[in-house]
Amino acid sequence: MKPRARPPSFVPPVTEAVVTIQGGERVLLRYIRRRLLMTVPILFAVSVLVFMMVHLMPGDPARIIAGDSATEEDVEMIRKEMGLDKPLVQQYLTYVSNIFKGDLGMSMRTRRPVAVEISSRLPNTVRLAAVAMVISVIFGVAVGVISASRPYSLSDNLSMVGALVGVSMPTFYLGLMLMLLFSVKMGWVPLLADGSLKGMILPAVTLAARPLALLARMTRSSMLEVLNQDYILAARAQGLPERVVLYSRALKNCMTTILTVAGLQFGHLLAGAVVTEQVFAWPGIGSLIVVSIRARDFPTIQACVLLIAVSFVLLNLLTDILYSVVNPRVRLG
Amino acid sequence: MSTKVRHFLKLRLGTAVLALVLAASVLSGCGGGGTSSSATLTYAVGTDAQTLDPQFVTDIPSAVAVMQIHETLVARDENMNFIPGLATEWSVAEDGCTWTFKLRQGVKFHDGADFNAEAVKYNFDRILDPATGSPRRSVASMIKEVKVVGPYEVQIITNDPYGPMLAQISSYNLAIISPKSGAELGKGYAQKPAGTGPFKLKSWTPGQSLVLERFDGYWGDKPKVKEIEFKVVPEDGTRTMLLKTGGADVVAGVPAFELENLKKDPNVNLIMKPGFRTIYVGMNCSKEPFDDPRVRQAVNYAIDREAIVNYVLRGAATVGVGPESPAIPGAAKNLVPYTYNPEKAKQLLKEAGYPNGFKTVFHTPSGRYPMDQQVAEAVVGQLKEVGIDAELQILDWGAYQAMLDKAEESRLFLLGKGSPSGDPDMTLTLSFGTNEKMNSAKYSNPEVDELIKQQRVCVDPVERQQILQTIQEKIHADAPWAVLYYEQILIGTRSNVKGLQVLPNEIVLFKGVSVEK
């Protein structure tokens with residue numbers, strides 16, 4: 001952070017960051033190392049839970065794969081090939097030891113390695129989630145700040161009603177309506193993502209709607225809280241332009257709230273793009289999960305859930321680290 | 001006031017511009033170059049193919065892809081008649097066990113290998129070898145031996161006389177693959193197929209799109225379109241919109257509720273054909289009260305099939321009578337339908353000792369068949385009219401199958417029965433044979449069991465048809481099912497797409513397709 005020109009008499013609380021973060025680098029690294037180590041038991045627990053869940057789920061994958069009119073002989077053949085005839089404990093041990101070898105197993109549905117299935121789709125999901133995240137942070141925070149700057153005004157009320165709609169609207173409905181309006185009626189954007197920039201707009205906006213609305217509401221309420229504090233009064237009394245007061249004084253103190261919500265929402269975007277991906281035929285992890293559950297494709301379901309668990313853990317860690325950057329009063333201990 | 005407004009506007013504009021600039025910069029970093037080629041025909045499907053190895057296909061979307069790339073010895077036309085495919089003629093010997101096939105000459109596989117008798121033998125040996133691990137080995141399990149008689153002549157010898165032989169030979173599981181690629185690639189053949197078909201694989205991004213291109217060395221008429229892209233679009237509504245906007249030329253599985261809407265569109269053409277699938281309400285014949293045929297008939301009379309077809313399915317189905325769809329060669333003709341008659345249903349219930357009806361459960365899957373849950377709800381309502389109080393239980397497909405396996409419960413259930421081979425042999429056996437795995441109605445009639453055996457060993461088509469007719473008449477009278485309707489295949493095309501072949505087993509062939517400008 002480079003020092004900024006400020007009125008000499010006023011020291012906003014945020015500048016403390018500059019002081020305490022020095023020398024904290026080693027603390028930070030140790031913290032990250034410990035947190036990463038902690039993910040091992042978490043992932044172990046997740047793997048046991050997921051394995052149990054998919055195997056307790058009613059429905060025999062061999063029967064589902066065999067199709068409508070397979071004979072018992074056919075089903076038995078599939079069961080053997082998939083290793084489903086072995087005892088459950090043995091299946092689990094094989095599964096875990098393979099993971100340590102970097103082998104996530106073979107998809108029962110497609111008979112391709114799960115790692116290939118996932119790696120061909122993960123970039124799509126991350127790309128969509130990242131764009132949606134950027135849209136929702138920028139517009140969500142902007143709407144929240146504007147609303148908080150003029151509380152209970154017409155623009156505030158409109159934005160908050162909009163945010164309520166955004167939070168409550170089912171994703172598949174929003175997606176289909178956007179398609180109907182902008183692709184079928186107006187013809188502005190292609191119906192399906194064709195790899196072009198334009199094709200990405202609708203799915204990204206659909207996915208962004210909910211976190212955007214949530215961020216707008218959270219930003220507004222925490223801004224309102226901060227704007228009531230004395231140092232804001234002091235800043236205004238010093239005759240600082242309102243824009244500086246809002247963005248450089250008040251907003252910084254809301255960052256922890258915004259980061260928490262944004263971090264969690266990003267996790268949800270990675271894991272929860274199921275409906276959006278389905279509606280827009282977006283070939284990501286979400287649509288992979290849907291087809292895999294329908295087919296009782298155990299290895300793929302397990303790998304996807306593990307992947308989501310890992311990304312949640314990492315995102316939480318990242319959020320915590322960012323806390324200490326924006327607000328050094330948070331001690332990483 | 002005015003300064004405040006100005007200030008507010010400035011603030012908001014500043015934020016908005018910043019936001020737009022940032023969003024644009026991020027978006028542009030992610031954009032790839034979108035290309036679209038008009039020489040490509042786009043076919044939107046709900047589910048991607050799972051394998052391109054015919055011997056591993058267990059689902060229709062894979063079968064459709066496989067059948068553009070490969071061909072069978074005996075093919076089928078749009079009415080399911082047998083026509084020459086890779087075999088030009090065939091005959092069966094007196095003993096009913098030895099089938100001779102004369103093969104087409106001058107046929108090449110996509111990998112350059114020659115098609116001949118050895119190739120045919122390789123294919124049958126491959127599916128029969130347990131090491132191959134084909135999930136559909138049973139399709140060929142009647143075969144004892146395949147003999148190469150000449151370079152273009154093979155003999156297929158069965159253990160016993162086998163009536164449904166040609167139907168099995170024409171199944172997509174027995175489409176012929178190149179022995180060269182098959183031996184080199186093993187299981188990897190599923191991703192790099194080489195058949196003799198009019199199209200060959202160009203590229204495949206699983207879960208997204210599969211592109212086929214014209215095979216210039218094809219023995220027959222060359223396809224008119226250069227490329228076909230199978231595009232995976234899981235959502236029904238999205239597929240329909242693609243059809244309306246021209247984003248897709250052909251769309252599989254148009255939902256019934258979109259029919260009215262699409263019929264009005266001059267740019268869209270709908271292909272509706274009676275399909276192979278029968279949707280029925282099964283009854284557990286081994287448990288009270290459904291162990292009494294009068295109760296089962298009462299259920300049959302209590303259901304208003306016309307209303308279900310017209311109002312729930314918007315006309316996209318054919319009212320059902322017998323267990324086999326009339327689109328299947330071998331389906332019984334002239335069965336007397338159980339026409340809707342609630343009075344007769346009540347009377348039959350009274351005779352069976354249930355003057356006040358009874359309580360039971362009704363299981364249905366949701367989303368397995370088009371409108372399945374809605375149909376089940378309608379049936380439950382109609383049964384209530386005659387005093388049968390059925391509690392509706394909805395399960396997802398995996399759980400549903402597990403439920404069907406358990407026989408103890410007295411129940412009604414909604415289920416569909418397809419016919420992969422287009423011959424009643426396999427489905428009659430599996431659905432009505434005593435203790436067969438898919439006999440979820442727990443139906444058992446020794447006479448029917450015996451007749452099923454007889455038709456299987458009968459290689460005379462006329463005689464066999466008579467036995468099949470008798471079997472279906474008996475089942476119809478015993479009424480283990482209340483047959484509701486036969487599904488219709490719904491394929492939507494842009495109106496400039498001509499020559500698409502749609503078979504009643506849901507296979508779509510693009511060989512003769514052209515797109516008019």
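Every chain is numbered from 1 and lettered A, B, ... according to where its sequence line falls, protein lines coming before strand lines.
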- Interchain contact, A:Ile293 with chain B, by part (heavy-atom threshold 4.5 Å): neither
- Message: For a 4.5 angstrom cut-off between non-hydrogen side-chain atoms, does A:Leu176 reach B:Thr238?
- Response: yes
- Note on the structure: Of all heavy-atom pairs linking A:Arg121 and B:Pro206, the shortest is NH2-O, 4.2 Å
- Minimum side-chain heavy-atom gap A:Asn124-B:Gln208 below 4.5 Å: yes
- Message: I'd like to know if the side chain of B:Thr245 reaches the main chain of A:Val184, judged simply by a donor and an acceptor atom lying under 3.5 Å from each other, with no hydrogens or angles considered.
- Response: no
- Query: Taking all atoms of both residues into account, what is the closest heavy-atom pair of B:Gly207 and A:Pro283, and its distance?
  - Reply: O-CB, 4.2 Å
- Item | Side chain / backbone / both / neither for B:Glu436 at chain A, heavy atoms under 4.5 Å | neither
- Note on the structure: Answer key: most heavy-atom pairs under 4.5 Å with chain B among A:Met179, A:Glu117, A:Glu76 is A:Met179
- Note on the structure: Okay, B:Ser134 and chain A: the region with an atom under 4.5 Å from a heavy atom over there is backbone
- Message: Taking every non-hydrogen pair under 4.5 Å, which of B:Lys244, B:Gln191, B:Lys187 racks up the most with chain A?
- Response: B:Gln191
- Item | Check: B:Met241 and A:Ser183 side chains under 4.5 Å, non-hydrogen atoms | no
- Message: Rounded to the nearest 0.5 Å, what separates atom CD in B:Gln50 from atom CG in A:Asp297?
- Response: 9.0 Å
- Query: When rounded to the nearest 0.5 angstrom, what distance separates CD in B:Glu235 from OG1 in A:Thr276?
  - Reply: 11.0 Å
- Message: Counting only non-hydrogen atoms closer than 4.5 Å, does B:Val232 touch chain A with its backbone (N, CA, C, O), its side chain (CB onward), both, or neither?
- Response: backbone
